[in-house]
2 protein chains.
Amino acid sequence: MRDSAQTTTLTIGKIARSAGVGVETIRFYEREKLLPEPARDPSSGYRRYTESTISRLQFIARAKELGFTLRETRELLDLRAGSATCGTLRSRAEEKLDDIRRRIQDLRRIEQALLTLSEACPGAGGLEACPILAALEGGFGDAG
Amino acid sequence: MRDSAQTTTLTIGKIARSAGVGVETIRFYEREKLLPEPARDPSSGYRRYTESTISRLQFIARAKELGFTLRETRELLDLRAGSATCGTLRSRAEEKLDDIRRRIQDLRRIEQALLTLSEACPGAGGLEACPILAALEGGFGDAG
DNA sequence: CTTGACTCTGTACCACGGTACAGGGTGTAG
DNA sequence: CTACACCCTGTACCGTGGTACAGAGTCAAG
């Protein structure tokens, strides 16, 4: 890496630190096609990145925060690169929204069931009369 | 299995069907200590179960429905078998309730963010002005 | 010239909750 | 007696999102 035309060569370690992810994670994303194969330094074989890879890593991180899986994130990245319309993106967002809401509903049913059981439990005494155990042993009806 | 003293021997396949799980799942639970090692038919080596194993499998299924992991479920089963009090059970339920509520909160933040983005998206036109893409590319503030 | 930090490839491993074989033996009905 | 369903053990594999090596090469500073 003696080519000083590039004042700062973006090695994998540098973009990892910039994007706040691990080096192994970047290589993993590359294998999983979330990142394109980067240019290589011809002499060392080291990966050479541009600033855009940092943005791409941040894109991935934000998609994760929005509940998208890596597979879905890859599709979003592909959409961005291709000839998608804004409507396609909105569809993806709405599908994910539905997904999230279903998961919230599932959790809410569980929350209600647990709340009911906790409140029914005296919290003292043996297990013979414990409503939580009774529910686990014999079912607890429909909690939704 | 020629011992006809037992009119119906509960083989692994039978309790699997009764409990609505797969045969492999039962052997997996046994390895994971959720089920005790059953008696064996001396001549064939086949596992021999009693009705109580079906209840135990249903216990596991209900604990799953309440959001307990297999590890936690194993602990619940151990509590049931040991000298636990009702209060211990209630604690487990309340801890799980907190866990579930945290997960709901996380999902709600995501829901809000996705909703905001979906509503902001015109749904037509190219990607240049898509707020969803903009959010993924540049962050979307705190969505909670 | 050596040392230490960095990078490379390849592979194995983690949790989670199972599922799917392969290659045997067993049990029962016709 | 044969066919077929069932059971056994052991091991590998699935998806999800990485993490952790080993063993080698490279780069920059002192």
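Residue numbers start from 1 in every chain, and the chains themselves are labelled A, B, ... in the order their sequence lines are given, proteins ahead of strands. Note: hydrogens, waters and symmetry copies are ignored here, and every other heavy atom, side chains too, is used.
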Give a yes or no answer on whether the side chain of B:Arg74 reaches the backbone of B:Glu32 with a donor-acceptor pair at less than 3.5 Å.
yes

Atom CG of B:Asp41 and atom C1' of C:dG25 are separated, to the nearest Å, by 13 Å

Nearest-Å distance for atom pair CD1/P, residues B:Ile12 and D:dC7
7 Å

Atom CD of B:Glu37 to atom P of D:dC8: distance rounded to whole Å?
12 Å

Counting distance only, does the side-chain N/O of B:Lys96 pair as donor-acceptor with the main-chain N or O of B:Phe68 below 3.5 Å?
no

How close or far is atom P of C:dG17 from atom CG of B:Leu57, stated in whole angstroms?
16 Å

Does the pair B:Arg80 and B:Leu77 meet the rule for a side chain to side chain contact (heavy atoms under 4.5 Å, CB included), with working shown?
CA-CA 5 Å; B:Arg80 185 174 68 152; B:Leu77 286 162; 3.6 Å; yes

Grab the CZ-C1' distance between A:Phe28 and D:dA20 for me, whole Å please.
14 Å

Phosphate-side-chain proximity, B:Thr25 and C:dT19, N/O vs OP1/OP2 below 4.0 Å:
yes

All N/O contacts under 3.5 Å from nucleotides 21-25 of chain D to the protein, with atom names and distances to one decimal?
from: D:dC21; atom 1: N4; to: A:Glu24; atom 2: OE2; distance (Å): 3.1
from: D:dG25; atom 1: N2; to: A:Tyr46; atom 2: OH; distance (Å): 2.6

D:dC6 P sits how many Å from B:Lys14 NZ, rounded?
10 Å

Say whether, by atom type as modelled, one donor and one acceptor occur between the side chain of A:Ser18 and the main chain of A:Lys14 under 3.5 angstrom.
yes

Using side chain to side chain contact (heavy atoms under 4.5 Å, CB included), reason through B:Leu35 and B:Ile60 one step at a time and then give a plain yes or no.
CA-CA 10 Å; B:Leu35 295 177; B:Ile60 295 168; 4.3 Å; yes

Looking at A:Ser43, does any N or O in its side chain come under 4.0 Å of the phosphate oxygens OP1/OP2 on D:dC27?
yes

Length of the CD1-C1' vector between A:Ile26 and C:dC6, whole Å:
14 Å

In whole angstrom, what separates A:Arg103's CZ from D:dT16's P?
12 Å

What pairs with B:Arg40 under salt bridge (charged side-chain N to carboxylate O under 4.0 Å, His left out), at least two apart in sequence or on another chain?
none

Using five base pairs at each end to define the local axes, how bent is the helix from C:dC1-D:dG30 to C:dG30-D:dC1, to the nearest 10°?
30°

Under 4.0 Å between a side-chain N/O of A:Arg71 and OP1 or OP2 of D:dT16, yes or no?
yes

Donor-acceptor pair, side chain of B:Thr9 and main chain of B:Thr11, under 3.5 angstrom:
no

Assert: residue with more 5' nearest nucleotide on DNA chain D, out of B:Arg17 and B:Arg40, is B:Arg17

Hey, are B:Ser91 and B:Thr88 close enough side-chain-wise for a donor-acceptor pair under 3.5 Å?
no

Quick one: is C:dC16 close enough that its OP1 or OP2 comes under 4.0 Å of any side-chain N or O from B:Lys64?
no

Among A:Leu114, A:Leu107, A:Leu115, A:Ile110, which residue satisfies the side chain to side chain contact (heavy atoms under 4.5 Å, CB included) criterion with B:Arg101?
A:Leu115

Of B:Arg31 and B:Gly13, the one whose nearest nucleotide on DNA chain D sits closer to the 5' end is B:Gly13

Any B:Thr11 side-chain N or O less than 4.0 Å from OP1/OP2 of D:dC6:
no

Without swapping roles, check the side chain of A:Gln112 against the backbone of A:Arg109 for a donor-acceptor pair under 3.5 Å.
no

